[in-house]
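In what follows, a single structure is set out as structure tokens and then discussed.
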Amino acid sequence: MAILLRKPPAVRSDEITDPAVYRARRQFLRGGAAAALAGLLPRDLLAAAARLKFSKGPFSTDESKTSLKDVTRYNNFYEFSTDKSGPAKLAQDFKTRPWTVAVGGAAEKPTRFGIEDLLTRFDLEERVYRLRCVEAWSMVVPWIGFPLHKLLAAVAPTSQAKYVAFETLHDPEQMPGQRGGLFGSSLDWPYVEGLRMDEAMHPLTLLAVGLYGDVLPNQNGAPIRLVVPWKYGFKSIKSIVRISLVSQQPPTSWNLTAPGEYGFYANVNPKVPHPRWSQARERRIGEFRKRPTLPFNGYADEVAHLYRGMDLRKYF
Ligand SMILES: Nc1nc2c(c(=O)[nH]1)N[C@H]1C(S)=C(S)[C@@H](COP(=O)(O)O)O[C@H]1N2
Ligand SMILES: [Mo]
């Protein structure tokens with residue numbers, strides 16, 4: 001499994017920065033304050049700033065990437081639609097500005113971060129991760145983001161912090177899937193997810209703000225979403241507005257809906273079938289043949305130690 005992972009090249013982001021992008025960023029930084037006062041930020045300049053900022057991060061797979069088209073047109077985002085092709089259309093006008101992420105709970109310095117702050121405060125990295133959906137398909141996505149542990153460190157978790165709870169925006173006016181009735185799904189809103197503290201602090205755990213060199217498309221969870229590559233895709237909660245440090249294991253949307261089918265841990269495990277289908281193999285989107293599913297989605301060398309001594313059939 002380790003052969004699929006490579007170390008980051010020793011190249012600093014400023015050495016690979018295109019001069020045009022550099023200029024755009026300077027312009028962005030100068031225009032930033034005025035634009036922020038006016039309540040708007042030019043999207044292309046923001047994208048240029050995001051593009052500039054990233055360097056190659058660790059843990060990237062060498063496998064071929066899923067096409068941008070498939071990554072952005074084959075989505076699970078039930079707030080917009082339960083149909084895979086629905087979010088790309090229905091999330092087009094989703095407003096991701098202004099946007100804040102409240103990070104608090106068991107923390108000495110609870111903070112409400114503005115999204116522009118989050119885009120510039122931490123060094124952004126590109127990380128090419130596999131994403132394995134519980135529905136037995138997978139993708140390879142070049143995310144841009146920063147490790148969650150950096151954000152958590154900024155709020156200074158207390159000793160009470162044993163788990164981290166995440167919450168997606170609740171806005172039925174913008175999200176047709178949250179209206180119930182014809183467009184509704186079986187999920188309760190807002191979508192919630194959670195991680196154990198050691199999982200949240202693991203260097204693989206990423207808060208993504210972009211993919212394929214640009215800011216996140218709305219249907220992929222703009223403006224900020226979680227990516228936990230060794231777990232089933234539903235743990236990678238989109239369009240986050242709240243992150244809370246808590247002392248008890250928090251509820252999670254899919255577990256609340258069908259506790260026998262979706263556990264809290266949701267580690268990718270070819271040996272534990274979903275009650276209605278096998279998890280032994282998966283189809284990589286864009287391919288026809290099926291490939292074997294790897295324990296922890298191929299990240300076992302990095303994360304298996306977190307679960308040493310745990311019965312992974314019981315804690316599925
Ligand atoms: N808020 C929210 N987050 C979500 C979902 C969702 O419906 N709502 N779907 C999850 C599932 S099941 C998967 S597989 C991934 C899909 O992410 P992608 O569309 O970027 O591939 O998002 C996850 N995060
Ligand atoms: Mo999924």
Side-chain angles (χ1 to χ4, degrees), residues 53-54 57-59 98-125 127 129 143-170 190-210 216 221-256 263-267 296 299 301-310 312 315:
K53 286 292 261 178
F54 72 86
F59 305 116
W99 191 280
T100 59
V101 183
V103 189
E108 278 163 29
K109 301 186 229 166
T111 308
R112 186 180 288 272
F113 295 91
I115 189 65
E116 279 75 25
D117 185 17
L118 290 177
L119 284 173
T120 50
R121 185 183 184 105
F122 307 103
D123 292 337
L124 299 182
E125 303 168 8
R127 296 185 177 198
Y129 280 172
W143 302 107
I144 300 167
F146 55 87
L148 173 64
H149 67 75
K150 289 193 181 178
L151 179 63
L152 296 181
V155 300
T158 69
S159 60
Q160 297 300 301
K162 306 284 190 224
Y163 293 86
V164 185
F166 303 84
E167 201 177 301
T168 294
L169 180 71
H170 186 222
Y191 194 104
V192 288
E193 255 307 333
L195 294 172
R196 212 171 57 187
M197 196 63 182
D198 57 347
E199 299 175 323
M201 295 301 287
H202 192 281
L204 270 170
T205 304
L206 195 70
L207 277 172
V209 295
L216 271 185
I224 186 164
R225 59 90 60 83
L226 189 67
V227 184
V228 194
W230 71 93
K231 293 179 179 282
Y232 290 116
F234 66 85
K235 299 295 287 184
S236 292
I237 181 172
K238 294 173 165 179
S239 305
I240 298 166
V241 292
R242 182 180 303 280
I243 299 176
S244 308
L245 293 149
V246 294
S247 58
Q248 305 287 322
Q249 182 178 302
T252 65
S253 284
W254 283 99
N255 180 250
L256 287 172
F264 173 81
Y265 283 94
N267 290 316
F296 300 105
Y299 299 94
D301 287 352
E302 284 74 27
V303 299
H305 70 275
L306 299 177
Y307 310 102
R308 205 163 283 145
M310 275 176 71
L312 297 180
Y315 299 100

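This one's a predicted model, so the numbers in the text were calculated from it and none came from an experiment.
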Can L169 and W99 be said to form a side chain to side chain contact (heavy atoms under 4.5 Å, CB included), step by step? CA-CA 10 Å; L169 180 71; W99 191 280; 3.8 Å; yes
Ignoring hydrogens and angles, write down the donor-acceptor pairs under 3.5 Å from the side chains of residues 144-163, residues two or more places apart or on other chains.
| unit_1 | atom_1 | unit_2 | atom_2 | d |
| --- | --- | --- | --- | --- |
| T158 | OG1 | Q160 | N | 3.2 |
| K162 | NZ | S159 | O | 3.1 |

Test salt bridge (Lys or Arg N to Asp or Glu O under 4.0 Å) applied to R127 - qualifying residues, sequence neighbours left out: E125
Summary of side-chain hydrogen bond (donor to acceptor under 3.5 Å, both in side chains) pairs that have at least one residue in residues 105-115, sequence neighbours excluded: T100-R112
Side chains of T205 and W230: closer than 4.5 Å at any heavy-atom pair? yes
Considering all heavy atoms, the nearest L216-R225 contact: CD1-CG, 3.5 Å
Hey, can you pull the donor-acceptor pairs under 3.5 Å for the side chains in residues 190-199, sequence neighbours left out?
| unit_1 | atom_1 | unit_2 | atom_2 | d |
| --- | --- | --- | --- | --- |
| Y191 | OH | F234 | O | 2.8 |
| Y191 | OH | W254 | NE1 | 3.2 |
| E193 | OE1 | K235 | NZ | 2.7 |
| R196 | NE | D198 | OD1 | 2.8 |
| R196 | NH1 | Y265 | OH | 3.4 |
| R196 | NH2 | D198 | OD1 | 3.4 |
| R196 | NH2 | D198 | OD2 | 2.8 |
| R196 | NH2 | L306 | O | 2.7 |
| E199 | OE1 | R196 | N | 2.9 |
| E199 | OE2 | K231 | NZ | 2.7 |
| E199 | OE2 | Y307 | OH | 2.5 |

Could you walk me through whether F296 and L312 pass the side chain to side chain contact (heavy atoms under 4.5 Å, CB included) test, one step at a time? CA-CA 11 Å; F296 300 105; L312 297 180; 3.9 Å; yes
Flag the pair F264 / Y315 as yes when at least one side-chain heavy-atom distance between them is below 4.5 Å, and no otherwise. no
With sequence neighbours left out, write down each residue that passes side chain to side chain donor-acceptor pair (under 3.5 Å) with S247, or none if nothing qualifies. none
Using the test side chain to side chain contact (heavy atoms under 4.5 Å, CB included), find all partners of Q248 that sit at least two apart in sequence or belong to another chain. none
Main-chain N/O of V228 paired to H202 side chain as donor or acceptor, under 3.5 Å: no
With rounding to the nearest 0.5 angstrom, report the CD1 to OG1 distance, I237 to T168. 3.5 Å
Measuring from atom OG of S253 to atom CZ of F166, what distance do you get when rounded to the nearest 0.5 angstrom? 13.0 Å
Heavy-atom distance under 4.5 Å between the side chains of I243 and V164, does that happen here? yes
Counting only N and O atoms by type, is there a donor-acceptor contact under 3.5 Å from the side chain of Y129 to the main-chain atoms of L204? yes
Euclidean distance, L226 CG relative to L206 CG, rounded to 0.5 Å: 8.0 Å
Taking the side chain as C-beta and beyond, is there a heavy-atom pair between L207 and F122 under 4.5 Å? no
